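Below, read A as the first sequence line, B as the second, and so on, with proteins coming before strands; counting in each chain starts at 1. Quick caveat, the model's predicted, so the values are computed rather than measured.
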Amino acid sequence: MNTSHSNPPKLLLRFFKWFCDPRLHKYLEGDLLELYEYNIEKQGLKKAKWKFSWEVFKLFRPGIIKSFEGTQRLNNYGMIKNYYKVSMRSILRNKTFSFLNISGLSVGIASCILILIYVNNELSYDTYNSNYENTYRVIHYYGEQGAEPNFSSLPTNEYQVWGNAPAAPSMQSFFPEVHQVFRFTSDSPWLISYNGITFSETGILFADSTAFDVFDWKMLAGDPKTALVRPNTVVLTKELAKKYFGDENPVGKTIIMDTEDPFEVTGVVEVPSNSHFFFNGLISMSTFKNRRPGIFDSWGYVDFYTYFTLKPGASIDILKQKVPEFLEANYTDDQNYYIDFEPLSDAYLHSEAGRQPGAIGSIGNIYIFTSVAIFILLIACINFMNLSTARSVERAKEVAIRKTIGSQRSALIYQFLVEAIIITLIASLFAAVLVFAGHSLLETISGKTLPINWLFSIQNVLLGLAAVLFIGVVAGSYPAFVLSTFRPITVLKGSFKASSSGIWLRKSLVVLQFSLSIILLAGAAVVSSQLDFLQKYNMGFDSDQMLVVDFGYDGLVQQKREYIKQRFNNHKDVEMASVSRAAPGDFFPNAGTGITDPISGEIVYKGPAIYEVDEDFIPTYKMNIVAGRNFSDDFPLDSANALILNESAAKLYGYSNPEDIIGKSFEQWGREGKVVGVVKDFNYVSLHEEVEPLSLRFGTRYNVSVFSLKINSQDFSKTLAELESIWQEIIPHRPFDTRFVDQNFNAQYESDERFGMIFSIFSGLAIFVACLGLFGLTIYSTAQRNKEIGVRKVLGATTTRIVALLSKDFLTLFIISLIISIPLSWYVMNSWLDGFAYRISLGFEIFATSALITLLVAFITMSFKTVSAALSNPIDSLRDE
Amino acid sequence: MGKYQLGEFEEIVLLTVGVLFGDAYGVSIKLAIEEKLNRKVSVGALQSALKRLEEKSYLTSKEGESTSERGGRPKLYFTLTAAGRDAIEHAREVRNELYNEIPKIALDLKMV
């Protein structure tokens with residue numbers, strides 16, 4: 001017996017002791033132990049142990065669990081129960097105040113959580129990669145600073161993520177620290193056909209076979225090791241695979257790309273939505289290498305993004321130090337070329353490099369959103385405190401009675417805190433409902449998938465509870481710590497008025513609320529007028545009804561180019577047609593271009609962007625020639641030896657007067673000739689940036705991919721259908737793939753617009769919450785002055801005078817808030833606008849308007865109560881005197 | 001029924017306490033029921049029944065000796081009170097009465 005005696009499961013006994021009613025514990029434990037011994041003898045140790053746990057588990061039932069009232073701590077439990085009871089009574093008795101408090105707080109908390117979801121998603125970009133901390137990308141600088149530019153001091157967009165092909169393999173062989181290198185090219189459209197269906201797909205990249213070593217994209221089918229190794233293989237995203245293959249397994253199937261090449265599908269991949277670049281398909285880099293092997297040795301041909309991972313323990317700083325050595329060993333032709341490395345963690349929010357592979361976020365916006373979240377919550381908490389201070393006179397009697405009966409101050413503090421926490425808890429329950437309702441709306445507005453699951457991790461739920469506690473304590477701090485100090489004698493004698501410190505606090509809180517509201521409203525106004533400005537900005541060319549027909553460098557289209565153009569031109573609704581490599585708003589390559597220097601007379605090389613256009617391009621887009629002439633059929637040699645620049649490019653080469661550069665020699669991509677014209681600067685990339693230097697060259701023999709059609713039509717869809725039938729007649733194999741130039745541009749402002757929308761909505765909510773509080777305060781102050789109003793009316797005061805009297809206090813507070821908030825919001829919004837090269841200037845009127853709107857909203861809110869008070873019959877208020 | 005409220009399991013426990021007269025404590029009651037009625041009884045279910053019966057004052061309890069196989073824990077002995085005895089008797093009478101009122105034919109039919 002002694003052998004088995006010592007080992008009943010200790011942990012279970014402790015657990016049992018924890019939940020068991022202490023009055024029963026010793027007998028029950030005895031029973032359990034006796035049964036345990038009995039079972040060991042009858043059924044063996046293992047079964048006895050199992051039975052023992054089962055019995056303990058079944059003992060966890062009412063009647064045996066110790067009661068919540070406790071045994072020793074009866075008094076405390078009882079008190080908390082009492083606090084709860086009293087709080088609920090007080091909440092239910094003052095329905096208006098509770099409603100204002102709870103609705104304000106729930107809107108505040110819900111907004112805060114929604115913003116948190118958004119911000120969390122922004123911060124989570126690329127973190128799905130297990131090698132996140134150890135992944136870097138190469139950024140390239142093609143400039144004039146000579147060797148070793150200081151990247152951090154270079155202006156935004158002066159250096160690029162976009163670079164050459166040979167950097168990657170050279171780095172891998174030069175730096176022993178580099179583990180995996182991965183390159184991909186700019187996205188381009190491809191025609192994909194399978195089983196007779198053909199679509200033009202954008203976002204197709206050529207990618208190295210190391211793609212899945214560097215990025216943790218999930219392969220749903222296919223082998224990540226070999227998928228991108230052989231030429232003419234392609235990996236599709238889940239969405240694209242579904243589009244062509246439905247539920248079939250696409251791996252091993254053959255699709256036709258660009259009408260002639262069979263490609264084998266070797267994988268299906270899923271890319272998380274929080275990736276800083278996105279694609280629809282990856283074609284093996286070896287395909288590209290077979291087609292244009294020369295590019296892979298050319299440091300001057302720029303169309304690659306290079307990412308790499310470091311070996312564990314290696315330091316990026318050592319790599320950075322060895323860059324000059326690296327360039328010396330691998331590439332010395334261009335003294336102005338330099339590289340640097342950027343961590344993947346900076347790619348989405350912190351990168352200032354130009355030519356990003358995808359849309360980037362803005363850390364500034366994150367700060368703005370976070371402040372808005374804090375503001376809204378703050379405004380809601382202020383409401384709570386204000387309403388509580390306002391009601392302090394009423395509550396003072398309760399406090400006085402409690403004190404007289406013998407309540408201690410600490411007990412009163414607890415009582416008020418419990419009340420505040422209960423209100424916060426109720427508010428957060430409503431907030432949870434609002435979050436679920438608002439979540440899909442936020443997803444629609446932000447255009448992102450915002451996962452909500454992370455909110456429910458144990459850690460976050462605990463954090464949420466802590467936050468509720470915190471908000472409750474903050475919001476309840478004034479009533480708790482000030483009301484509890486009231487002296488019963490003064491209160492009960494009837495001479496008690498709200499303390500002056502209370503009034504002072506309330507006033508300053510109102511000022512704070514107004515200030516925050518004005519700042520938010522002014523912010524929203526500035527954002528929306530800036531966006532409006534961008535959309536109406538004169539780009540320097542005609543983008544209205546400008547249709548782009550994209551044929552993706554299709555050789556068959558190219559052969560019939562002149563005929564198609566002529567057929568388009570013959571259509572009555574087409575003003576003019578032109579063919580070019582790309583349309584404004586698209587992506588452009590840069591070209592090393594040499595032009596005679598005005599001082600030294602030598603050829604100086606720079607890297608302006610290059611447009612390849614025909615002679616109709618400039619007239620079609622109604623661009624202005626400021627010096628020289630357009631390309632023309634009258635000069636048959638134009639196609640070989642003429643170049644047109646924009647004003648910025650002329651300045652880049654040292655010619656501030658465009659006339660002076662006409663006739664100067666140039667050398668570009670192996671062609672030589674004279675500059676024949678300068679076109680007025682037009683915004684071809686985005687208004688976030690200054691107009692970049694640009695060269696237009698006459699080149700339609702290769703490398704053209706779009707028609708631009710200036711349409712002049714009343715019935716656009718009819719015109720479009722007619723143009724499509726012309727296209728299908730000549731080019732039956734290719735869909736009529738069109739877009740609008742202004743769409744191209746608007747896409748660039750989409751993220752700004754979404755930012756503006758989210759910002760306005762939350763600012764609106766903040767103002768709504770502030771108004772709830774103001775409404776409550778007005779109810780209170782008019783109720784307090786009920787008798788005064790009655791007396792004044794009896795003595796002959798007009799309604800207007802009474803309304804003015806009641807509003808006067810708030811007006812003063814409002815003016816103080818104006819003085820505080822306007823300089824603050826001017827400063828903040830000015831720095832936001834600095835992110836735009838073309839921006840509105842901050843005029844007085846924006847602030848005046850937002851102040852006026854806030855005042856108006858506040859006044860309307862107040863007038864609900866003041867007017868009714870002023871109109872009320874004095875008999876009602878004076879009767880009981 | 002009225003004043004005597006007794007569930008089926010409570011009745012069995014009450015009867016067993018009576019049977020075990022003087023030696024009725026948790027484990028002995030449990031084992032007795034398991035043996036006589038051939039049904040499993042958990043300590044938890046038994047204890048809540050005992051506690052309910054004590055609250056209805058059909059049972060009283062008294063701390064007994066502690067033994068070494070119980071890890072030094074005392075036993076809690078239960079005995080029937082007068083009210084408990086009345087409750088059992090009442091239950092029995094009600095059952096007998098009902099049984100006697102069953103028409104003979106109903107019982108015969110069941111035999112067929």
Fill in: Polar side chain donor-acceptor pair, A:Y27 to B:E63, under 3.5 angstrom
yes

Worksheet item: So does A:F19 have more than 12 non-hydrogen atoms from other groups sitting under 6.0 Å from CZ?
Response: yes

Worksheet entry | Crowding at CG, B:N38 (>12 non-hydrogen neighbours, <6.0 Å) | no

Worksheet entry | Minimum heavy-atom distance between A:K26 and B:P74, given as atom pair plus value | CD-CG, 3.8 Å

Discussion item. Would you say NZ of A:K58 has more than 12 non-hydrogen atoms from neighbouring residues, nucleotides or ligands within 6.0 angstrom?
Written reply: yes

Worksheet item: Where is the tightest heavy-atom contact between B:V43 and A:E55, given as atom of each residue plus distance?
Response: N-OE1, 2.8 Å

Fill in: Distance, nearest 0.5 Å, that separates CZ of B:R73 from CG of A:L32
10.5 Å

Worksheet entry | Gap separating the NZ atom of B:K51 from the CG atom of A:D21, nearest 0.5 angstrom | 5.5 Å

Item to complete: Can you see which heavy atom on B:Q47 is nearest to which on A:L28, and at what distance?
Response: CG-CD2, 2.8 Å

Item to complete: Please state whether the side chain, the backbone, both or neither of B:L31 comes within less than 4.5 Å of a heavy atom of chain A.
Response: side chain

Worksheet entry | Atom CZ of A:F15: over 12 foreign heavy atoms under 6.0 Å | yes

Worksheet item: If you count heavy-atom pairs under 4.5 Å between each of B:S28, B:G26, B:S42, B:G64 and chain A, which one has the most?
Response: B:S42

Item to complete: Inspect the surroundings of CZ in B:F9 and state if more than 12 heavy atoms from other residues, nucleotides or ligands are less than 6.0 Å away.
Response: yes

Worksheet entry | Segment of A:Y38 engaging chain B (4.5 angstrom heavy-atom cut-off) | side chain

Discussion item. Taking atom CD as the centre, does A:Q459 end up with more than 12 heavy-atom neighbours from other residues, nucleotides or ligands that are less than 6.0 angstrom away?
Written reply: no

Worksheet item: Do other residues, nucleotides or ligands put more than 12 heavy atoms under 6.0 Å from the CD atom of A:Q408?
Response: no

